[in-house]
Amino acid sequence: MSNETIQAVRGMNDILPDEAGLWLWFEEVVRDWLHGYGYRNIRMPLVEPTSLFKRAIGEVTDIVEKEMYSFEDSLNGDHLTLRPEGTASCVRAVLQHNLLYNAPQRLYYSGQMFRHERPQKGRYRQFHQVGVEALGFAGPDIDAEQILMCARLWKKLGLRDVTLQLNTLGDTASRHRHREKLIAYFAQHTALLDADATRRLHSNPLRILDSKNPAMQEIIAGAPKLMDELEDEALKHFDELQAILKRHDVPFELNPRLVRGLDYYNRTVFEWVTTRLGAQGTVCAGGRYDGLIAQIGGKPAPAMGFAMGVERLLALVQEDGMALPGADVDVYVVHQGELAGQLASKMAEQLRDGGLRVLLHCGGGSFKSQMKKADGSGARVSVVIGDDEAQAGEVAVKPMQGGEQMRVRAQDAVATINGLIK
Ligand code: HAM
């Protein structure tokens, strides 16, 4: 048997305890924030039928063409995929369980997503999203609400320099007209197209507009504009959204080149971006997908949603040096001697009964070395028990930030410590 150490899969990260505190804090802030807007939690499987993502995200997208972890279940031949995003699964679940039967739904989910991309800072093969979906809502008021929600979250997280880019993709008819015009336009300039663009010319010409290739920027700049094709209804929707955002003083930048990498969008699309994370600067993105529910087999219903990249947001939070909640532990219990050991473990349970977070020293060692551990634990108070104290049914309580050590009866320890902490 080989005894080589085994490493995690490339692009898939461990989140170690030192960092996990930040994640827990973030999850709590996010939960409160979502509940403040009436969103309810939904949890879908990590694995879905491959056909779901092909149908929802689109056959000619980067995700479906080259980034999905798809496999055949060797036990029954099913074609399965690790979810690359949550919207398709969420809509599938909503339809399967008939959740839209008599009321629209505001839902959120969070967890791992998987995309086989080239890993770099801010781009991973397993990453985490918090996704927010409002299903059954047609008006621009819900688009605005979701954008306002995001703005509020950035404030709560203490983020600076996250800006909003906004665009509308119109509806099916205008997109169709625009698509035909794009194909005709790019077909006249085939010599200037790179390999990706050539491949997409007939399958997904809209994505050519998204190209970052400097050599293609000029021809892209001259391409027919969707804006010129938009139907009145879609324009009105977009105008109303902008008016609401202005009333709430949410600044935005109109970006006609924002097309998104998934095919299900129509009308409003948006991205929150920062220049402070290098190339992977989109921390949150989404839009309207009024056609998706029908496309997955449901009764047609409009919808709007977005997802944020947790790794990217946390990288920003760390850069901005947000003051994180303090120590994880209130009390460190130090003890030496057999009787003291017995009282210490009883004491620790009693303190926990009193709502305190307690680390009981395990593994022995001198008082001095135990006190060092107590210091390093970040506990606000230590409880010190030797056999002397144990025999008297007492413990010593010591505030860690200085202050007098005091001896109290064991049964009074919770009250004394609570007094010191508050
Ligand atoms: P998306 O733009 O593909 O949209 O992903 C949303 C966010 O997930 C991105 O803005 C980014 O922050 C993060 N993200 C994406 N890929 C990676 C990666 N490889 N590594 C780290 N972070 C990443 C969606 O997934 C849609 N489902 C959003 C949505 C919900 N639209 C409507 N409802």
Side-chain angles (χ1 to χ4, degrees), residues 9-13 15 26 34 39 42 44 48 52-53 56-58 61-64 66-69 82-94 105-135 137 142-143 146-147 149-150 153-154 159 162-165 167 169 207 210 258-274 276-293 295-296 302-317:
V9 176
R10 193 163 119 80
M12 305 204 181
N13 302 316
I15 296 158
F26 174 80
L34 285 161
Y39 280 81
I42 182 166
M44 301 83 65
E48 296 275 1
L52 173 68
F53 300 116
I57 299 171
T61 55
D62 280 350
I63 295 179
V64 170
K66 48 189 188 204
E67 294 170 3
M68 294 210 302
Y69 284 93
L82 295 184
R83 63 180 185 191
E85 60 110 44
T87 309
S89 310
C90 182
V91 169
R92 193 237 351 105
V94 162
Q105 294 283 340
R106 283 182 167 92
L107 303 173
Y108 74 91
Y109 49 82
S110 56
Q112 288 90 335
M113 306 290 160
F114 302 87
R115 296 184 193 175
H116 196 110
E117 299 192 78
R118 200 168 44 77
Q120 54 173 264
K121 182 170 179 264
R123 186 164 73 190
Y124 308 104
R125 290 181 174 172
Q126 177 187 264
F127 59 99
H128 295 73
Q129 282 185 348
V130 174
V132 173
E133 316 286 357
L135 303 111
F137 295 88
I142 200 83
D143 307 19
Q146 291 193 348
I147 289 171
M149 273 175 85
C150 293
L153 182 62
W154 311 151
L159 299 186
V162 182
T163 56
L164 174 61
Q165 305 237 322
N167 191 21
L169 302 179
R207 290 284 289 156
D210 215 17
L258 181 66
V259 293
R260 310 277 299 121
L262 305 93
D263 280 355
Y264 48 62
Y265 293 108
N266 71 310
R267 294 201 181 181
T268 311
V269 287
F270 68 92
E271 290 191 355
W272 290 93
V273 295
T274 173
R276 295 164 64 204
L277 294 177
Q280 307 305 320
T282 307
V283 292
C284 174
R288 201 157 255 294
Y289 48 94
D290 295 331
L292 181 61
I293 292 175
Q295 207 176 310
I296 294 186
M304 164 88 191
F306 63 90
M308 8 189 216
V310 180
E311 283 82 358
R312 293 182 192 179
L313 278 176
L314 290 183
L316 264 192
V317 168

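In each ligand, atom 1 is the first atom listed, and ligand 1 is the first ligand listed. What's counted below: heavy atoms across the whole structure, side chains too, no hydrogens, waters or symmetry copies.
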Flag [X] as yes when one of its N or O atoms lies below 3.5 Å from any N or O atom of ligand 1, and as no otherwise.
X      : answer
Gly309 : yes
Tyr289 : no
Glu311 : no
Tyr109 : no

How does [X] reach ligand 1, by side chain, by backbone, by both or by neither, if only non-hydrogen atoms under 4.0 Å count?
X      : answer
Pro84  : neither
Arg123 : both
Met304 : neither
Glu133 : side chain
Val283 : backbone

*Check each of Arg207, Arg115, Arg118 against Asp62 using the salt bridge (Lys or Arg N to Asp or Glu O under 4.0 Å) test, and report the only one that passes.*
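It is Arg207, the one option of Arg207, Arg115, Arg118 that forms the salt bridge (Lys or Arg N to Asp or Glu O under 4.0 Å) with Asp62.
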*Considering Trp272, Tyr264, Phe306, which one's heavy-atom position lies nearest to atom 26 (C) of ligand 1?*
Tyr264
Top protein contact for [atom], by heavy-atom distance:
atom                    : answer
atom 31 (N) of ligand 1 : Tyr265 OH, 2.6 Å
atom 12 (O) of ligand 1 : Thr282 O, 2.8 Å
atom 8 (O) of ligand 1  : Gln129 NE2, 3.1 Å
atom 27 (N) of ligand 1 : Glu85 OE1, 2.5 Å
atom 20 (N) of ligand 1 : Tyr124 N, 3.0 Å

